[in-house]
Each structure stands twice: as structure tokens, then as C-alpha cells.
Asker: 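This structure is in C-alpha cells; I'll ask about it shortly.
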Amino acid sequence: MYILGISCFYHDSSAALLKDGTIVAAAEEERFTRKKHDTSFPINAVKYCLQSQNITIKDISYIGFYEKPFLKFERVLSQHIELFPYSFKTFVSSMPSWINEKLRVPKIIKKKLSYTGDVLFIEHHLAHAASSFLVSPFKKAAILTTDGVGEWTTTSYGLGEGTEIHLMKEIRFPSSLGLLYSTITAYLGFTVNNSEYKVMGLSPYGTMDREKNPYYQKLTKIIDVKDDGSYRFDMDYFTYHYADRMPSKKLCRLLDGPIRNPESEITQRHKDIAAALQMLLEDTLTKILNHVYEVTRCPNLVIAGGVALNCVYNGKILSKTKFKEVWIQPNASDGGTSIGAASYIYHTILGNPRNYQQKTAYLGPEFTDDEISYFLNKNKIKYTEFRDEKDLIAKTARLIFENNVVGWFQGRMEWGPRALGARSILSNPCNLNMQEILNLKVKHRECYDDKTQILTKNGWKLFKDLTKNEAVATLNPETNELVYQQIEQKTEYKYSGKMVYFKNKRINLLVTPEHNIWAKKITNHSDSIYKNQFEFEKAINLVSRENVQIKAIKRWKGQEKKYFLLPRINRKKYSHLWQLHKIRMDIWLEFLGYYISEGCFCYDKGHHNIYVAQSLKSKHYEKIKKCLNKIYHWGYNSGSFKLSNKQLFEYLKQFGKAKDKFIPQELLGVSERQLKILFEALMRGDGTYRSKQYKYTTVSKKLADNVQELGLKLGYSVTTSKEVSNNPNHNDVYYVRLNKGSKTSYIRKNQSSLIYYRGKVYCVTVPKYNLLCVKRDEKIVFSGNSFRPFAPVVCEDDASKYFECDTPIPEATDFMLMVYPVKEKWRAKIPAVTHVDGSGRLQTVRRFQNKLYHDVIKEFGKLSGIPILINTSFNIRGEPIVCTPYDAYKCMMGTGIDYLAIGKFLVKREDNQNDLWDSEIYAKD
Amino acid sequence: MKMDTLKKIFTGFKNGIKNFGNIITILINTVLLAFVYFVGVGVSSIFAKLSRKKLLELKLSKQAPTYWSDLGLKKKPLEDYYRQF
């Protein structure tokens, strides 16, 4: 008997097929449509399920749907009635999908699948409970389901025994732990239903002490948790029950600030909020689980629902509660309910005994070696063939050990959100730089081309010339202040493929498609609650779209300096001379401004002459004269002030002739007020002011760079142009234009494009504020960078050597659902997978689950001494995990993966540089 | 060259018509749904408020011993699962 389970129209559509109680196929629709969290009817997933068993829809006895749509609609209507008229906007936006899809499920199923059989509707939390209990190793287990919301239920508990499930109690909408987590996720500027794991990952960076974390107490005001773990929210702090925005103004006030701009600077406050939320969730879940244990008196526990993906808490369940064993569905969120619906029909409704335990998550499509070689040959991809499995294991382990990044495409695709060794990227965790390499090279984070320069404390530099501990200029997006930070890591790698090119009169930027641009999208319609605010946006998403980028800062906090110390000259020889040593900085800066613009020196028959040119008729004559005479007594002759002074001459000599002039870097670090003195003096010399814009003219490239930096720190939007001289005896002329009117640049639709680039790309990481001050073709702009940690995979028998796991290790660890501390002595040896709090979200592998994967890890252990690999999902940021050989190959060529071990074949990226499926194709997607 | 120009004009026209259609759809939907909302939902809301019917629990209840409510969800007759409610 075949039973098909379906979940769709909310998030993560999926289909699962049961054959006589055994799950024979299951997949999420996103893997086929390549749309992350695809909500549409899972037609492709259903087709795959049927094809995998060589059956048609006529062979299906029942179809199970993962919820009762009318019950859910009742809840939605209740919301609108209760919150009339505030819910008008969501009513208008949500009703069309209810009318067209959600209330017509049987018709849609029958129409899309040409199905004429029975469709059964299983309550949402019952489907969750079944997805976990009926495929677990337990005959009897306590059950906890907790997610955003089903029909009415948000949390429920009960008992499963044999084929029966009894959900006893519930917490009803609008109080929901899942929605609380999502609300804070939205408050912290992350995407709801997608980035909750980021908040979980952020929490260890905050204060994990209930007494010291100020937000823990504040968050307890919004939720009342009873001793039995039951809870209710004060809904004044939320708006999700009537609006598309989740946190209310009252919540913003409680948390001391507005909703964070997505991916702008994450401050300690944000980290503390994430920590407080995680602690609150853990405390509440612990109370619930202790209560569930008291009620059920059963040592086994199964959990399901989106909250069950909180692997940080999962790793603590056995130590914090009385349960002895725990099992979690690998696809614990809504995607997994298709398995639950099908299993519930087969076992509970139809009364068939349980004969299946879910031991692996490999339920998706697989491709035979023949199919793979057909794909490779058809597309003329160069590859080599492993002799046998031993050869595959040995070579792959060796490649990883030699610090190559290997795409691993073997067997059936994983079920659920994690890559578990069928569609994974594997690399060496012992390499200190691997974290950076993966973040920037493979995950295609932020990168600039080789002509981009970055502002450092030592002036403008090409990325390739940056030294290890260089301090670079970054922008604090909250205050728009320029801040220097020491770089943590610099990354460079070869890249060939499409780059995004922004070019107009004021901006020239060439970056990788995944690069984060700090931009404000220009849009006439509202599709975001963050509209009209600056936010990070992938460069690829801004191609042919109007946007605004930041060119200038608001504030620069330099160091106010009282004096300039003019170096003394050899005292013995010139002991008769009076030497000026300590000069007031304000006067010196003004003087230097005049000298750099208008001055020169000349040694003439024992006279060390210094000149500052200025016509008597000049409107600045008196001002310059006054300044000069504050230091020395200058004469005036033939249109120039003149001074003969050995000490000053010796100092000014370093500035050379006109084409060599510069501003000493240490003087560019003084306060904004003092920089202004220097700036004004420079402008009185070689500057002009017209149409609200300064123009500074110089033949010195270095001085032009210095004036750019000076202008930038004073809040000007700066661009420089160059006039190339045709006469070899004349110098090129640089015009630095400084405008205070606009701190941004408007980029039109036709001012961004994709161009092919082949060469090195660069980036750096900094501790905070992921906004670097860069320029290309002398046009300054602020643009992004980023960073993310990775997860370890270890064989089950080695896990307790490296991690402080529960004993025996719960099977849920095989699905990467548990976080455990890395043992102290190993932390420094596997830095790429050790989180800031010393923990790791590990995956354990048992040989019967995935022989090849297991043996590669063991083989790597023989080479490195540590049998652990980095395992990250085989995808590019923003895309689902790869499904087919085409997806894998495309991902490889679009990223920096060095090798692809696909079936019994090995594809080397370098051998296929000009291949059809390179990143150029990716960029078009 | 002429064909290209014609194609561009035709495509532009087609897109224009499509956008116009979308705008009309949104307008009609909004008008109809606004009517349903203010008449249907609005009137129901007024009645609910007059009869002091609480459809959602929006406030804390510190005195309540527990917030758990009975669910009692277990196996039902097969016919019940054919229903969407």
C-alpha cells in the first residue's frame, strides 16, 4: 500500500511516500524549483516520489494533508474579527491566497495530480507528533510539538504508544514560542522563517547570565510562564496577530531601541537580546518538559515542530530534564509533516503495526554513475574516474588534507534542512584559514576586484598590498562615523566569472555577485518593513535596479592635538641658532596647508629659502600673512612670502616638488575641527569653490589621495578625476571634487551591469561594522564584508573523544540537531568548527548510514590525526541545497570549490575554467 | 533593425497591458475585500464585542493556575479525517 503525504502553502512544501509503512521517498519542493522555502504545491516532489518507486498516482491509496485548512481559516477569521479594524491590511493581502489555494486543497490535489482517491486531513500538530513518534525507535514516548502555529495549537504534549498518539494539552494562538523566536528574529533584523538559527548562533556572544543580562528580566515581562511550563504572552508587545510586522512599538521600547536594520552593525545590545531570548526559551522548554515527564512518566521523548531545530537547547535536554532518551525528526519543521500525515494514516488510522525506524535522512533523489557520466560527457566536462571505492576515499581524503575544498555529491539527497554527507562541501577543520576560505571563496561572500583600494591608517592601499595587522577604515552604520579597525583576516583568490559593475560619475565598484552592497533600494511599492532604509543587499539583486549608496560619513572622531613638534636640527653645528620646537597644532596645520598648496623651497648660496606664493591682490593675502608671521617673520617679495630658516627647510624638504607633495599621515588623524583648519588652508591655496563644491587641483597623486581622505573625514562626498597630459614634460593633473550637499550617490537602472572578470578578488574581515571604505577609479564608496562559522562531522565512535556529548549519543546527533561543547584540549586544533562559546553543532555518522562518507572521515583522520571534517551545505547563500548533478556542477563553477567528487567521478574546477556551466551562467540566474 | 524596434514596441505594449491588468485586479480585489472586511468582519466584530466574546487571549492572567488547555486529540473514526475542519 502506498500513501502520499503532502505539506504546502505555508512554508517548506514537501512530499513523502510510504510503502507499507516504510518511508521510501521524501523531498522538499525547493530542491527542484530552486526557490528557497518554496511554498507552492509540491508537484515536483510528488513526481519524484512516484518515479522513485516506478508507480503512478493511481497506485496511491491515500493522500494525507498536513493540516485542517478550515480550522486554520477559522483561526484567521477570529484574528480579524478580534482585531478589527487593525487587521485590514493583512486581510486584504492574505485573503486571495486563502480563496485561490488554501481553501481548495482537495480540488488542487485532484487537479494537479489527476488523483481520484481519498484525501485525508490530519491536524497540524498531530502530523508533527506522528512525524517524530511513528518513525522513532521508541514503542512508547512522551511527545512535545512546538512551532509557530498550526490550526490553533502552538505547543502541545501527549503520549505515543504503539501506533496510537494522544495529544493531551495545548497552548493556543496567539501565544507561541515559535512566534516569539521569530519576533525577536525580526527585531534583530533577520529574516523570519529563515534566519532563526542566526539568532541562536548569536546568543553565545551575549551575556548568558540571567542576573547580568538586562534583557532577560525585560523579556520575562512579555511572557508569563507557570511552574508547569504553560505560558501566555502579553500581546501588547506583538503585532503578528494582525499585521505583517512582528514586534510592536512597545516591544521596541522595552528593548531600548528600534528594529535593527538588516545586517547592520550587531551591537552588544543585540547579542544580549539574542542571549536573553535563548535563555528564556530554554527555561520555558525545560519547565514544559519536566511537566510532560511528570504527566507521562515515560523516559523517552520525541519532539517536533520548528522549535525542535533549536539544536543548542536540544543538546541540553537530557542533562536538564529527567528524560533518558530523545529522538527528533531530521525535518522537524513544517516540511516534515508530510511524513507525519502519511505515517499517521497508515499506522494510526488504518491500524497497521509499526515496522520502520528512520535511521537516516537519505530519502531524496539519487543519480547512478551512468546518469552522472552521461551528464558530464554531454556537457564536455573534463573529469577523472576513481578506480574503485577505496581509490575514491583515499583521493578525496588526501585532497581535503591538502586544504582543497571538495564538493561531495554521493547517493540519495538528504531530507530536511541540513546537508548530512550526500550533498555537502567538505574541507579541513585543522586549517586556521579554512573558515575564511569557505566564507569568502565557496559561499561567495564579499569580494572586490584587484583595482579596488581600501582606506587604511596609512592611506589608500590596494587590497593586495594590505599587511597583516593593518587598520582599515569602516563605517559605523548607526552613527555614520568613520572608525579604524584592525583586520582579522585577508582573503584573496582567483576568480573567473561574472562580477557586478556599478558605474556612474561618483561610483565605480566591481564586486562578486554575492557581495553585500550597503544600499537603499528605490521602490514604489512596499514589500519590506524596512523600506527606505539602508540595508545590505546582494550586488546581483541590484543589477538594473535603482538604488542609493553611501559615499560620505557624518562624523569623524580624531584626536585633538595641541602641539606640533618640529624636529630640531643638529644642535652642535647650529648651536648658535634659535630653534622653534613646539608649535601650536592649529597654527601649524594652517601653515602646512598654505605651504603644501603654494610653497616651495630653494637652497641658494648658503641660504635655506622657503617660499609661499601669494599675490598681493589675493583675497587670502592678509590671512596667509597673519598665519605665517605667527611662526616666523616672513618677508614678501615678487609675489611670494619668503623665509630663510634651516630648521624649517630641513623639515619641509621631505615634501619635495609639486608632483611629490603630500600630507603627513599622522596629521590626517587629528580631530575634525583641526582637519578643517588644514582643509581650509589647502583650499585657499589650490582650491576653488563653486556651486556648493570645492575643487582641489594638484599634480601630486599622493596629495590627491590625501585630500580625498581629508575631505572624507570632514563629511564630504569625494570624487577625483585625472587629466592626462599629452606633453611628456608636463605632469598629469588631478582634480579632487568635494561636495557636502549629498552624502549618497543615486545609481540608475542603466548604471549597473554584469561583466566578465578573470583575476584575483579580495576581501578582509574586521571585528565589527561590516562596512569598508573603498574606492575604485578614485571614486569612494562604503561597501560590505561578512563572516560565518561552520559545523563539524565526526564518526559516531570518535565523537566522545572530541566533544562533551551525552552518553549514549542520541540518534538526533546524526541529523545535526544537537550542539555539544568541543573538549577544551581540541578547541585550538579545530578552530574552524569551534564556536565562540566553545561549542560545535556536530553531525555524527555511523557506517551503516553512509559508508563512503564515514570512511572518508576516517581516512582523513589517518592523514591529519583528527578524524573530523568541516561539513557545510552544498549551496550558495540564498539558494537551496543542490539536488542534481547539474546543480552541483553549477554551484561548483559558480563558487571556489576546487574538486567535485560526484559518484565515482572527480571533477577539477581548474580543468573546466571555460566550461559552459561557469559562474557566468550562475550570475544570470 | 526595424523588426527589433517592432518587437520592442510590441513587448512594451504587452507588458503595459499586463501591468494594467494587474492594477485592475488589485483594485477590484481591494474594493471587494474592503467591502467584505468592513461589512462582514466589522459587523461580526461589533457583535463579538457587544456580547463580550473573546476570540483570542491577548492578556496575561497571573491568577490562572495554568495556561494549558485540553486538546484531547487522538484517533477518531476514518470519516472525520475526510473533513477539513
Side-chain angles (χ1 to χ4, degrees), chain A residues 64-65 68-71 73-74 77-85 87-88 91-92 95-96 103 105-106 118-123 125-126 129 153 156-158 164-175 223-224 226-236 241 291 345 348-350, chain B residues 8 12 15 19-85:
Chain A
F65 193 70
K68 296 234 180 219
F70 284 14
L71 273 185
F73 190 59
E74 179 207 7
L77 278 184
S78 300
Q79 282 174 246
H80 291 303
I81 291 169
E82 183 71 29
L83 293 148
F84 178 87
S87 59
F88 175 67
F91 182 85
V92 171
M95 277 307 128
L103 293 175
V105 171
D118 297 331
V119 180
L120 304 186
F121 296 88
I122 314 300
E123 283 87 350
H125 276 250
L126 207 49
T153 310
S156 71
Y157 73 82
E164 301 286 324
I165 291 173
H166 179 198
L167 291 182
M168 304 166 192
K169 301 277 182 182
E170 66 171 347
I171 302 289
R172 284 164 75 89
F173 185 85
S175 297
I223 178 172
D224 180 28
K226 303 289 184 196
D227 290 340
D228 60 3
S230 62
Y231 61 90
R232 185 175 288 172
F233 294 168
D234 180 346
M235 293 307 294
D236 288 346
H241 49 309
H291 174 69
I345 293 172
T348 310
I349 299 176
L350 302 177
Chain B
K8 271 184 188 171
N15 288 341
N19 288 339
F20 180 71
N22 286 340
I23 291 166
I24 294 293
T25 310
I26 291 166
L27 276 176
I28 292 172
N29 274 351
T30 309
V31 170
L32 288 177
L33 288 170
F35 178 77
V36 172
Y37 185 76
F38 287 106
V39 175
V41 176
V43 171
S44 307
S45 174
I46 291 163
F47 276 114
K49 273 164 192 157
L50 286 174
S51 57
R52 294 187 180 178
K53 173 86 178 158
K54 264 188 176 179
L55 297 170
L56 296 177
E57 291 293 350
L58 302 175
K59 290 282 172 198
L60 304 178
S61 173
K62 297 271 183 189
Q63 286 77 30
T66 182
Y67 292 124
W68 289 117
S69 53
D70 288 333
L71 179 59
L73 206 56
K74 49 183 162 184
K75 188 179 171 183
K76 292 177 276 187
L78 180 64
E79 300 73 48
D80 283 15
Y81 295 102
Y82 285 95
R83 291 207 299 261
Q84 296 187 54
F85 51 89

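All values reported here derive from a predicted model rather than from experimental measurement. Residue numbers begin at 1 in each chain, while the letters A, B, ... track the order of the sequences.
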Asker: Check each atom of P65(B) against the heavy atoms of chain A and say whether the ones under 4.5 Å are side chain, backbone, both or neither.
Answerer: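 Contact with chain A: backbone only.
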
Asker: Looking at every non-hydrogen atom in both residues, tell me the closest pair between E123(A) and K76(B) and how far apart they are.
Answerer: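 Closest approach of E123(A) to K76(B), heavy atoms only: OE2-NZ, 2.5 Å.
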
Asker: Atom OG of S78(A) and atom NZ of K53(B): how far apart are they, to the nearest 0.5 Å?
Answerer: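 Result: 8.5 Å between the selected atoms.
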
Asker: Is a donor from one side chain sitting under 3.5 angstrom from an acceptor on the other, for D224(A) and Y67(B)?
Answerer: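 A donor-acceptor contact under 3.5 Å links the two side chains.
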
Asker: Of the backbone (N, CA, C, O) and the side chain (C-beta and beyond), which part of K49(B) lies under 4.5 Å from a heavy atom of chain A, both, or neither?
Answerer: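 Contact with chain A involves the side chain of K49(B) alone.
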
Asker: Out of the candidates K226(A), R172(A), H291(A), only one should pair with W68(B) under the side-chain contact (heavy atoms from CB on, under 4.5 Å) rule; please name it.
Answerer: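 Answer to the side-chain contact (heavy atoms from CB on, under 4.5 Å) test with W68(B) among K226(A), R172(A), H291(A): H291(A).
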
Asker: Step through the shown structure and confirm whether more than 12 heavy atoms of other residues, nucleotides or ligands are within 6.0 Å of CG on D227(A).
Answerer: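 No.
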
Asker: Is Q79(A) in contact with chain B via its backbone, its side chain, both, or neither, using a 4.5 Å heavy-atom distance?
Answerer: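 For Q79(A), backbone and side chain are both near chain B.
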
Asker: For a quick test of reading the model, state the closest non-hydrogen atom pair linking Q84(B) to L103(A) and the distance between them.
Answerer: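 Closest pair (atom of Q84(B), atom of L103(A), distance): OE1-O, 4.4 Å.
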
Asker: What part of E82(A) gets closer than 4.5 Å to chain B, counting heavy atoms only: side chain, backbone, both or neither?
Answerer: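 Both backbone and side chain.
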
Asker: Go through the structure and list residues passing ring-ring contact (aromatic ring centres under 6.0 Å, His included) with H80(A), not counting sequence neighbours.
Answerer: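 Here the qualifying residues are F91(A).
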
Asker: Rounded to the nearest 0.5 Å, what separates atom CG in L78(B) from atom CG in L120(A)?
Answerer: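 Going from the CG atom of L78(B) to the CG atom of L120(A) covers 6.0 Å.
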
Asker: Output the distance between atom NZ (K74(B)) and atom CG (L126(A)), rounded to the nearest 0.5 Å.
Answerer: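 Spacing of NZ (K74(B)) from CG (L126(A)) equals 12.5 Å.
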
Asker: Restricting to non-hydrogen atoms, name the atom on H241(A) and the atom on L58(B) that form the minimum distance, rounded to 0.1 Å.
Answerer: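 Of all heavy-atom pairs spanning H241(A) and L58(B), the closest is CD2-CD2, 3.7 Å.
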
Asker: So do the side chains of L56(B) and M235(A) get within less than 4.5 Å of each other, counting heavy atoms only?
Answerer: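 Not in contact.
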
Asker: So, taking the atom named OH in Y37(B) and the one named CD1 in I81(A), what distance separates them when rounded to the nearest 0.5 Å?
Answerer: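 Interatomic distance, Y37(B) OH to I81(A) CD1, rounded to 0.5 Å: 9.5 Å.
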
Asker: Is F47(B) in contact with chain A via its backbone, its side chain, both, or neither, using a 4.5 Å heavy-atom distance?
Answerer: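 Neither; nothing under 4.5 Å.
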
Asker: So for F73(A), is it side chain, backbone, both, or neither that comes closer than 4.5 Å to the heavy atoms of chain B?
Answerer: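 Answer is neither: F73(A) stays 4.5 Å or more from chain B.
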
Asker: Does any heavy atom of chain B fall under 4.5 Å from the side chain of I349(A), the backbone, both, or neither of them?
Answerer: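 Contact with chain B involves both backbone and side-chain atoms of I349(A).
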
Asker: Let me confirm one number: the CG-OG distance from L60(B) to S175(A), rounded to the nearest 0.5 Å.
Answerer: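 Rounded to the nearest 0.5 Å, the CG-OG separation comes out at 8.0 Å.
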
Asker: In the structure I gave you, are the side-chain heavy atoms of L71(B) and T153(A) within less than 4.5 Å of one another anywhere?
Answerer: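 Yes - at least one pair of side-chain heavy atoms lies under 4.5 Å apart.
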
Asker: Below 4.5 Å, heavy-atom pairs only: which of Y157(A), F84(A), F70(A) has the largest tally toward chain B?
Answerer: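 Max contact count across the listed options: F84(A).
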
Asker: Given ring pair (Phe, Tyr, Trp, His ring centres under 6.0 Å), test F85(B) with F121(A) step by step and report yes or no.
Answerer: CA-CA 8 Å; F85(B) 51 89; F121(A) 296 88; 9.9 Å; no

Asker: Side chain, backbone, both or neither: which part of I345(A) has a non-hydrogen atom closer than 4.5 Å to chain B?
Answerer: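 Neither; nothing under 4.5 Å.
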
Asker: Given a strict heavy-atom distance threshold of 4.5 Å, which part of S87(A) is in contact with chain B: side chain, backbone, both, or neither?
Answerer: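 Contact with chain B: backbone and side chain both.
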
Asker: Decide yes or no for H166(A) and L73(B): does some side-chain heavy atom of the first lie under 4.5 Å from some side-chain heavy atom of the second?
Answerer: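 Contact flag for H166(A)/L73(B) side chains = no.
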
Asker: Quick check against the 3.5 Å criterion: does K169(A) have a side-chain atom that pairs as donor or acceptor with the backbone of S69(B)?
Answerer: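 Flag not set: sc K169(A) to bb S69(B) has no pair under 3.5 Å.
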
Asker: Could you tell me which portion of V119(A) (side chain, backbone, both or neither) has an atom closer than 4.5 angstrom to a non-hydrogen atom of chain B?
Answerer: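 Contact with chain B involves the backbone of V119(A) alone.
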
Asker: Considering residues at least two apart in sequence or located in another chain, which fulfil the ring-ring contact (aromatic ring centres under 6.0 Å, His included) criterion with Y231(A)?
Answerer: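 For Y231(A), the residues satisfying ring-ring contact (aromatic ring centres under 6.0 Å, His included) (neighbours in sequence not counted) are F233(A).
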
Asker: Once you round to the nearest 0.5 Å, how far does OH of Y82(B) lie from CG of D118(A)?
Answerer: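 It comes to 3.0 Å.
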
